[in-house]
Amino acid sequence: MKVGLFGGTFDPPHVAHLAAAERVRDELALDEVWFVVAGQPPHKMRDAVSPAHHRLRMVELAVADHPAFRVCDIELRRPGPSYTVDTVRALRRQHPDAEFYFIVGADMAADLPNWRAIDELKTLVRFVALGRPGYARPVLPGIPLHWVDMPLLALSATELRRWIRAGRSVRYLVPEAVRQYMEAHEVYGKRKR
C-alpha cells in the first residue's frame, strides 16, 4: 500500500491542505493520505498551538468525505517534541508493508538537511515536495525529492486565525464542517460579528 504522510498542526485545516493532499494522491497514485496531526513540532516550540483535541476533531471533519484520506493521531499520543523520524519509525513498525511518502511544502523542503536523523529518515520514506509558482526548488545533495506542482493558493493557518480573531469570515477557505466546529467551540475566540 502506498501511503502519503502529510504532517502539520492543522490549526485550522484549510482548503489548501486538502488540495495539496489530493494533488499528491492523484499524481503518485497513492492508496491513502494520512493527515498526521502534530503534537508539538520542534520548529514551533515557541508557538502556541490550539489544544490537540480541537485540532484532531477539525482534521477528522475536514477529511470525513474523502474515502482515501485518514487521520493519524500517533504524535498526539506521544509526549515531547514530535520528531518526524520517531513518527515514521513507529508507523513502519505498525505497517511494515506500507510504502511511505512524506509530503512537505517547498519551504520545509529546503530545511530537510537539518531534520533530526535525516540520514535514517530518507531511508524510511520518499520525500514529496509541493512546488508552487514563484518558489525556488532547492537541490539537496543526497536527499531525493519528488516535486509535485501545486497551483498558488496563498493561504495559511496563521492568516486564517488572524482573520477569525478579527471577526472576519473564513467561509469557503475551510471546509464548512470545520468552520461550524470552530465557531461552536470558539476555538479561536468568540466571533465578533
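This is a predicted model, so every value here is computed, not measured.
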Item checked: Inter-residue atom distance Arg179.CZ - Glu176.CD, 0.5 Å rounding -> 4.0 Å

Next item on the list: Enter the distance from Arg168:CZ to Leu173:CG here, rounded to the nearest 0.5 Å.
Entry: 9.5 Å

Notebook entry, point to check: Applying the 4.5 Å side-chain criterion to the ILVMFWY set and letting contacts propagate, would Tyr181 and Tyr172 be lumped into a single cluster?
Noted result: no

Next item on the list: Any chance you could lay out the side-chain contact (heavy atoms from CB on, under 4.5 Å) test for Thr158 and Arg161, step after step, and finish with the verdict?
Entry: CA-CA 5 Å; Thr158 301; Arg161 290 193 303 272; 3.4 Å; yes

Notebook entry, point to check: Where do Ala109 and Ala129 come nearest, in terms of heavy atoms and distance?
Noted result: CB-CB, 4.1 Å

Checklist line | Heavy-atom side-chain contact between Glu99 and Arg126 under 4.5 Å | finding: yes

Margin query: Between Arg92 (side chain only) and Val125 (backbone N and O only), is there a donor and an acceptor less than 3.5 Å apart?
Written below: no

Item checked: 4.5 Å side-chain heavy-atom contact, Val88 and Leu121 -> yes

Item checked: Stepwise side-chain contact (heavy atoms from CB on, under 4.5 Å) check, Leu112 with Asn114 -> CA-CA 5 Å; Leu112 282 173; Asn114 300 318; over 6 Å; no

Notebook entry, point to check: Under the side-chain contact (heavy atoms from CB on, under 4.5 Å) test, which residues partner Glu120, sequence neighbours left out?
Noted result: Val85, Arg89, Ala117, Thr123, Leu124

Margin query: Side chains of Leu18 and Pro175, heavy atoms from C-beta outward: is any pair under 4.5 Å?
Written below: yes

Item checked: Flag, side chain of Asp31 to backbone of Lys2, donor-acceptor distance under 3.5 Å -> yes

Notebook entry, point to check: Can you list the residues that meet the salt bridge (charged side-chain N to carboxylate O under 4.0 Å, His left out) rule with Asp119, with sequence neighbours excluded?
Noted result: Lys122

Notebook entry, point to check: What about His146 and Tyr101, are their ring centers closer than 6.0 Å?
Noted result: no

Item checked: Which atom of Ala110 lies closest to which atom of Leu140, heavy atoms considered -> O-CD2, 4.2 Å

Checklist line | Any donor-acceptor pair under 3.5 Å from His66 side chain to Ala68 backbone | finding: yes

Next item on the list: If a pair satisfies salt bridge (charged side-chain N to carboxylate O under 4.0 Å, His left out) and one of its residues is in residues 73-83, list it, with sequence neighbours excluded.
Entry: Asp73-Arg77

Notebook entry, point to check: So which pairs with a foot in residues 136-153 pass salt bridge (charged side-chain N to carboxylate O under 4.0 Å, His left out), sequence neighbours left out?
Noted result: Arg137-Asp149

Check: Is Arg55 close to Thr9 at the side-chain level, that is, under 4.5 Å between some pair of heavy atoms?
Finding: yes

Margin query: In this structure, would Met1 and Leu5 fall into the same cluster of hydrophobic residues linked by side-chain contacts under 4.5 Å?
Written below: yes

Check: Can you tell me how far CG of Leu56 sits from SG of Cys72, rounded to the nearest 0.5 angstrom?
Finding: 10.0 Å

Notebook entry, point to check: Out of curiosity, Glu22 CD to Met150 CE, how far, rounded to the nearest 0.5 Å?
Noted result: 10.5 Å

Notebook entry, point to check: Looking at Leu160 and Val174, what are the two nearest heavy atoms and their distance?
Noted result: CD1-CG1, 3.9 Å

Item checked: Nearest non-hydrogen partners of Gly39 and Val49, listed with the distance -> O-CG2, 4.4 Å

Next item on the list: For Leu145 and Pro138, work out which heavy atoms get closest and say how close.
Entry: CD1-O, 4.1 Å

Next item on the list: For Phe35, check ring pair (Phe, Tyr, Trp, His ring centres under 6.0 Å) against everything at least two apart and list the hits.
Entry: Phe6, Phe10, Phe69

Margin query: Are the side chains of Val36 and Thr87 in contact, using a 4.5 Å heavy-atom criterion?
Written below: yes

Notebook entry, point to check: Is there side-chain contact between Leu155 and Glu159, with heavy atoms separated by less than 4.5 Å?
Noted result: no

Note to self: I'd like to know whether Val33 forms a side-chain contact (heavy atoms from CB on, under 4.5 Å) with Val63, so could you lay out the CA-CA distance, the side-chain angles of the two residues, the decisive distance to 0.1 Å, and finally the verdict.
What the structure shows: CA-CA 10 Å; Val33 175; Val63 306; over 6 Å; no

Margin query: Distance check, rounded to the nearest 0.5 Å: Met58 atom CE versus His14 atom NE2?
Written below: 11.0 Å

Margin query: Within the structure provided, determine whether Val24 and Leu30 are in side-chain contact (heavy-atom separation under 4.5 Å).
Written below: yes

Check: Got a sec, which residues hit side-chain contact (heavy atoms from CB on, under 4.5 Å) with His95, two or more places apart in sequence or on another chain?
Finding: Trp34, Leu91, Ala98, Phe100

Margin query: Side chains of Ile143 and Trp115, heavy atoms from C-beta outward: is any pair under 4.5 Å?
Written below: no

Item checked: Spacing of Arg116 atom CZ and Ser82 atom OG [to the nearest 0.5 Å] -> 11.5 Å

Checklist line | Closest non-hydrogen atom pair, Tyr188 against Ser50 | finding: CE2-OG, 3.2 Å

